[in-house]
Amino acid sequence: MEQYFAVIGDPIAHSLSPVMHEAGYKALGIEARYLKFRVEANKLNEAVSGLRALGFSGCNVTIPHKERVLRYIDELTIEAKRAGAVNTIKFTPEKIIGHNTDGLGFVRSIQEKVANLKDCKAVILGAGGAARGIGMALANSGVNLLILNIAPEMTEQLVRDIRSAGGSAVGGEFKPGAWLKDADLLVQATSVGLHGENYPFELTGISPKTLVVDILFGPKPTPFLQNARSLGCDTLNGLGMLLYQGALAWEFWLGGKAPVEPMWTALLNEVEARQKS
Ligand code: NDP
């Protein structure tokens with residue numbers, strides 16, 4: 001019997017998840033469809049119950065619903081509890097289970113570049129939903145974190161949560177500083193750059209040994225990544241994170257191993273096609 005999956009968010013038109021997941025179903029001969037639905041915040045409850053009533057097996061949840069959706073979930077995995085956000089929902093006959101694959105997806109996406117994360121020093125810019133998932137997953141891998149965000153209460157909350165989960169984190173002001181000289185990893189996890197805008201500060205003084213990741217993805221490097229490259233740093237965008245959070249969601253729903261190669265090829269082809277159009 002055909003299975004149904006979806007991603008819900010607002011806006012949603014740009015989502016690459018359907019292309020990525022459907023390429024995976026095709027590669028493994030799985031009878032399934034993956035759709036995308038724009039859902040406004042005041043319709044979130046109805047959308048989640050509606051998908052369940054229609055017999056969907058699961059869905060992804062994206063901006064701006066990842067935190068708000070918690071109230072419509074029956075059971076949370078440890079990853080969702082730690083992140084305080086859900087990006088993956090599984091519908092079972094008995095209950096709605098909320099999971100979060102963003103953080104581990106990020107960690108998988110950098111593993112080719114950083115073999116051993118234990119005792120690395122990482123700086124995360126931002127303390128929103130994505131930064132929380134990434135922060136929790138990095139801390140769980142033994143990384144020492146510095147969190148820099150504009151709103152100090154968000155920074156403090158994230159630092160507190162990471163420490164209560166046994167991780168190592170401190171907070172600081174959202175500005176350049178001595179941290180530029182000795183970070184092994186710098187993660188841009190704010191929403192700055194979504195519309196191609198410049199970053200509020202330059203990375204002048206950054207050590208060229210720092211791996212710099214911007215979790216935004218698009219056909220062109222963001223101004224943030226261009227700045228890092230011009231200073232000699234190795235860089236990554238967020239497409240790898242998108243792939244692995246999707247692969248982990250797939251595995252949560254369907255079991256087995258997600259076919260990451262065809263999913264990755266589909267993502268690259270789609271990004272290239274959109275660049276041309
Ligand atoms: P949130 O809205 O939860 O968080 C936004 C963050 O950006 C907050 O920390 C906010 O700071 C900060 N911010 C917003 N505007 C500015 C500004 N002008 N200057 C400095 N900081 C600013 O969003 P998410 O965390 O869910 O998503 C963040 C980005 O990550 C999005 O662009 C999203 O597309 C991308 N993303 C990529 C994924 C991937 O798979 N590659 C997965 C998930 C997200 P403050 O608290 O001070 O307001």
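Hydrogens, waters and symmetry mates are skipped; everything else that's a heavy atom, side chains included, is used. Counting starts at 1 for both ligands and their atoms, in listed order. Owing to the predicted nature of the structure, the values given are computational and were not obtained by experimental measurement.
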To the closest 0.5 Å, what do you measure between CZ (Phe217) and CG (Leu225)?
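Phe217 CZ to Leu225 CG: 13.0 Å, rounded to 0.5 Å.
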Let me confirm one number: the NZ-CD1 distance from Lys90 to Ile96, rounded to the nearest 0.5 Å.
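Spacing of NZ (Lys90) from CD1 (Ile96) equals 13.5 Å.
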Please lay out, stage by stage, how Phe56 and Phe91 fare under the test ring-ring contact (aromatic ring centres under 6.0 Å, His included).
CA-CA 7 Å; Phe56 275 63; Phe91 299 108; 7.6 Å; no
Only pairs at least two apart or in different chains count here, so list each salt bridge (Lys or Arg N to Asp or Glu O under 4.0 Å) that has a residue in residues 183-195.
Asp184-Lys209
Under the salt bridge (Lys or Arg N to Asp or Glu O under 4.0 Å) rule, what pairs show up with a residue in residues 53-71, not counting sequence neighbours?
Lys66-Asp102
Return a table of N or O atom pairs, ligand 1 on one side and protein on the other, at distances under 3.5 Å, rounded to 0.1 Å.
residue: ligand 1; atom: 3 (O); partner: Gly129; partner atom: N; Å: 2.9
residue: ligand 1; atom: 7 (O); partner: Ser191; partner atom: N; Å: 3.1
residue: ligand 1; atom: 9 (O); partner: Ala127; partner atom: N; Å: 3.0
residue: ligand 1; atom: 9 (O); partner: Gly128; partner atom: N; Å: 3.2
residue: ligand 1; atom: 9 (O); partner: Asn149; partner atom: OD1; Å: 2.8
residue: ligand 1; atom: 11 (O); partner: Asn149; partner atom: OD1; Å: 3.1
residue: ligand 1; atom: 25 (O); partner: Gly129; partner atom: N; Å: 3.2
residue: ligand 1; atom: 25 (O); partner: Ala130; partner atom: N; Å: 2.8
residue: ligand 1; atom: 40 (O); partner: Leu242; partner atom: N; Å: 3.4
residue: ligand 1; atom: 41 (N); partner: Ile215; partner atom: O; Å: 2.9
residue: ligand 1; atom: 41 (N); partner: Gly238; partner atom: O; Å: 3.0
residue: ligand 1; atom: 46 (O); partner: Asn149; partner atom: ND2; Å: 2.9
residue: ligand 1; atom: 47 (O); partner: Asn149; partner atom: ND2; Å: 3.3
residue: ligand 1; atom: 47 (O); partner: Ala151; partner atom: N; Å: 2.9

side-chain hydrogen bond (donor to acceptor under 3.5 Å, both in side chains): pairs with one or both residues in residues 12-29, sequence neighbours excluded:
Glu22-Arg33
